[in-house]
Amino acid sequence: MDKTGITPTRKENYAEWYQQVIRAADLAENAPVRGCMIIKPNGYQLWETLQHKLDQAFKATGHVNAYFPLFIPVRFLQKEAEHVAGFAKECAVVTHSRLQANEQGVLEPASPLEEPLIVRPTSETIIGEAFSRWVQSYRDLPLLINQWANVVRWEMRTRLFLRTSEFLWQEGHTAHATAEEARQETLRMLEIYRRIIEEDLAIPALVGEKTASERFPGALSTYTLEGMMQDRKALQLGTSHFLGQNFAKAMNIQFVDVDGKAQYAWTTSWGVTTRLIGSLVMVHSDDDGLVLPPKVANVQAVIMPIIHDEAQREQIEAYCDQVQRQLQDRGKGLRISLDKRAMRGGEKRWQWIKRGACCLIEIGMKEMESQSVTLSWRDTLQRETLPLTQWVATFADGLKAMQQRLFERAKSNREQSTQRISSVADFYQFFQNDGGFALAYWSEDPETEEKIKSELKVTVRCLPQAFASERGACLFTNKPDCPLAVFAKAY
RNA sequence: CGGGAUGUAGCUUAGCCUGGUAGAGCGCUACGUUCGGGACGUAGAGGCCAUCGGUUCGAAUCCGAUCAUCCCGACCA
């Protein structure tokens with residue numbers, strides 16, 4: 001194959017390749033509003049699939065969904081000092097309640113609001129206000145709430161799915177009677193994210209804790225899941241925050257404990273966003289377009305009738321219907337498409353390759369006569385022909401195998417670009433070459449963090465859980481007994 | 001918000017310097033030949049050249065203003 005589905009290739013221009021994959025798969029487009037995107041049906045279907053999997057996991061752990069206002073009074077945000085500082089610079093502010101035509105007939109804002117409202121960049125404060133009324137006694141705890149919503153963070157530089165001014169997410173907000181319980185909740189949700197990201201999205205996730213500088217504004221600790229994209233840059237896939245009593249104190253979430261004493265609750269929040277769709281594109285896709293893990297793919301198999309002679313159309317299509325029915329009978333949840341559009345076979349095949357259909361099934365006279373199918377899996381694109389009965393019986397296993405292949409490939413990509421670093425010179429060398437994830441002992445001192453950020457554009461992604469027991473002398477300061485940190489360039 | 005650039009068909013764009021009211025490729029529609037690795041031919045639809053103003057007999061083209069977008073910097077799921 002010399003001609004690739006996507007121009008340019010990953011190697012030629014990764015950023016442009018990413019945009020083109022999204023365009024070719026028809027996932028989303030830039031909206032006529034600055035920094036915003038239109039998520040098209042193919043993209044939204046992916047989001048619905050992720051939503052469904054996450055929602056099930058949340059419900060299974062006792063969380064319930066609710067919906068809180070889009071608008072938040074400015075004074076709410078103001079109640080937590082770090083929180084304001086973190087979000088103030090990127091808030092959309094609503095100041096007027098109507099439009100009025102001026103002398104030229106141009107509509108202008110009129111009727112100023114007494115108190116400006118911000119469009120939620122996140123909902124800790126407005127949910128906290130509600131919690132303060134809902135929580136009275138230790139019997140009201142834990143309070144486990146999730147919200148599916150859009151949020152707005154006014155961004156300077158935007159990219160489809162990865163960074164837009166408005167995006168979709170879920171934000172979980174919980175309140176607990178003890179610090180220990182809240183911390184457990186933070187870690188429990190982190191583990192749910194890890195499981196879905198690794199098992200459904202087939203993206204190996206590096207799990208760990210954020211440093212002070214990368215922590216959520218107002219949190220005591222922030223845990224993160226970091227994925228490595230094919231350009232070796234890190235992408236934060238989800239976060240879970242232990243908020244301590246900061247928001248409980250700011251929003252006055254108090255309860256009476258067993259001993260009759262008033263106590264501040266301990267709260268958490270955690271979220272993942274439509275950015276996960278961007279990570280799917282950047283981790284699995286290739287120079288021919290979108291590649292998706294079967295568990296979340298919109299189309300797990302597409303059946304394409306190949307018709308040379310119009311006289312044969314009817315019988316070939318009837319055979320295709322039969323193949324679809326038999327596959328579908330093997331599993332209710334299977335997503336099988338039958339593409340009867342009158343297009344040339346090659347063109348049709350390419351279209352489905354670019355859209356990330358997991359399995360491409362071509363059926364013409366040969367297959368019909370021999371009761372077989374010709375198929376290829378999206379990640380390898382190698383054709384093989386199998387008897388229909390055998391194919392139907394093994395299709396589900398084929399999906400599983402592809403899911404596994406994608407995960408293993410992503411994992412081996414990450415491992416190849418992950419390196420233990422033991423000298424500052426090697427550290428600089430590593431990032432001046434190809435880069436990736438650099439593991440090094442680090443004293444958590446903010447000065448080196450600042451220095452490498454300005455000199456190399458490298459940040460500390462997290463202190464990984466997997467290496468929590470390892471201690472060593474800091475790479476930069478030589479201070480003994482420091483934790484291992486992961487450094488990388490990040491989106 | 002600083003530095004640089006650009007606005008012409010759904011998309012990518014030529015034309016602008018040297019004024020004479022628009023050309024191409026892709027896409028779209030129809031028909032024909034094709035069809036298991038991205039077809040080709042023929043015909044056709046589609047643009048008051050970002051907006052407003054100025055210069056001129058005449059402006060996509062020259063001048064001014066406005067708006068928008070993109071790229072580079074400081075911030076970010």
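In the text below, chain A, chain B and the rest are named by the order of the sequence lines, each starting its count at 1. What you see is a predicted model; the values in this text were computed from it and never measured.
- Nearest to the side chain of A/Lys89, among B/rG37, B/rC75, B/rG38, sits B/rC75.
- Looking at residues 195-209 of chain A, you'll see that no heavy atom sits under 4.0 Å from any atom of RNA chain B.
- Counting any heavy atom pair closer than 4.0 Å across all strands shown, A/Thr158 reaches no nucleic acid atom.
- For the salt bridge (Lys or Arg N to Asp or Glu O under 4.0 Å) condition, the pairs that include at least one residue of residues 71-91 of chain A, sequence neighbours left out, are A/Arg75-A/Glu115.
- Screening A/Leu46, A/Leu290, A/Val291 against A/Val281 for a side-chain contact (heavy atoms from CB on, under 4.5 Å) leaves a single residue, A/Leu290.
- For residues 218-243 of chain A, the pairs satisfying salt bridge (Lys or Arg N to Asp or Glu O under 4.0 Å) are A/Lys210-A/Glu226, A/Glu226-A/Arg461, with sequence neighbours left out.
- For the pair A/Lys457 and B/rA74, the criterion of a side-chain N or O lying under 4.0 Å from OP1 or OP2 is not met.
- By the 4.0 Å N-to-carboxylate-O rule, A/Lys59 lies close enough to A/Asp55 to be salt-bridged with it.
- Counting distance only, with no hydrogens placed and no angle test, the side-chain atoms of A/Glu362 and the base atoms of B/rG37 include no donor-acceptor pair under 3.5 Å.
- An aromatic stack links A/Phe167 and the base of B/rA77, using centre distance under 5.5 Å and interplanar angle under 30°.
- Note on A/Ile353: nothing from the nucleic acid sits closer than 4.0 angstrom, heavy atoms only.
- Paired runs in RNA chain B that reach 3 or more consecutive Watson-Crick or G-U pairs, where each pair keeps both distances under 3.5 Å, cover B:1-7 with B:67-73, B:10-13 with B:23-26, B:28-33 with B:39-44, B:50-54 with B:62-66.
- In this structure, A/Arg183 satisfies the cation-pi test against A/Phe242, with its NZ or CZ atom closer than 6.0 Å to the six-membered ring centre and inside 45 degrees of the ring normal.
- In terms of phosphate contacts, A/Arg153 brings no side-chain nitrogen or oxygen within less than 4.0 Å of OP1 or OP2 of B/rA77.
- Under 4.0 angstrom from either OP1 or OP2 of B/rC11 there lies no side-chain N or O belonging to A/Arg23.
- OP1 and OP2 of B/rC40 both lie 4.0 Å or more from every side-chain N or O belonging to A/Arg344.
- For A/Glu155, the salt bridge (charged side-chain N to carboxylate O under 4.0 Å, His left out) criterion is met by A/Arg163, not counting sequence neighbours.
- Comment: A/Arg10 engages A/Asp287 in a salt bridge, judged by a side-chain N to carboxylate O separation of less than 4.0 angstrom.
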Identify all side-chain donor-acceptor contacts of residues 303-317 of chain A below 3.5 Å with residues at least two apart in sequence or on another chain.
{"residue": "A/Asp309", "atom": "OD1", "partner": "A/Ala311", "partner atom": "N", "Å": "3.0"}
{"residue": "A/Glu310", "atom": "OE1", "partner": "A/Arg313", "partner atom": "NE", "Å": "2.9"}
{"residue": "A/Glu310", "atom": "OE2", "partner": "A/Arg313", "partner atom": "NH2", "Å": "3.1"}
{"residue": "A/Arg313", "atom": "NH1", "partner": "A/Glu317", "partner atom": "OE2", "Å": "2.9"}

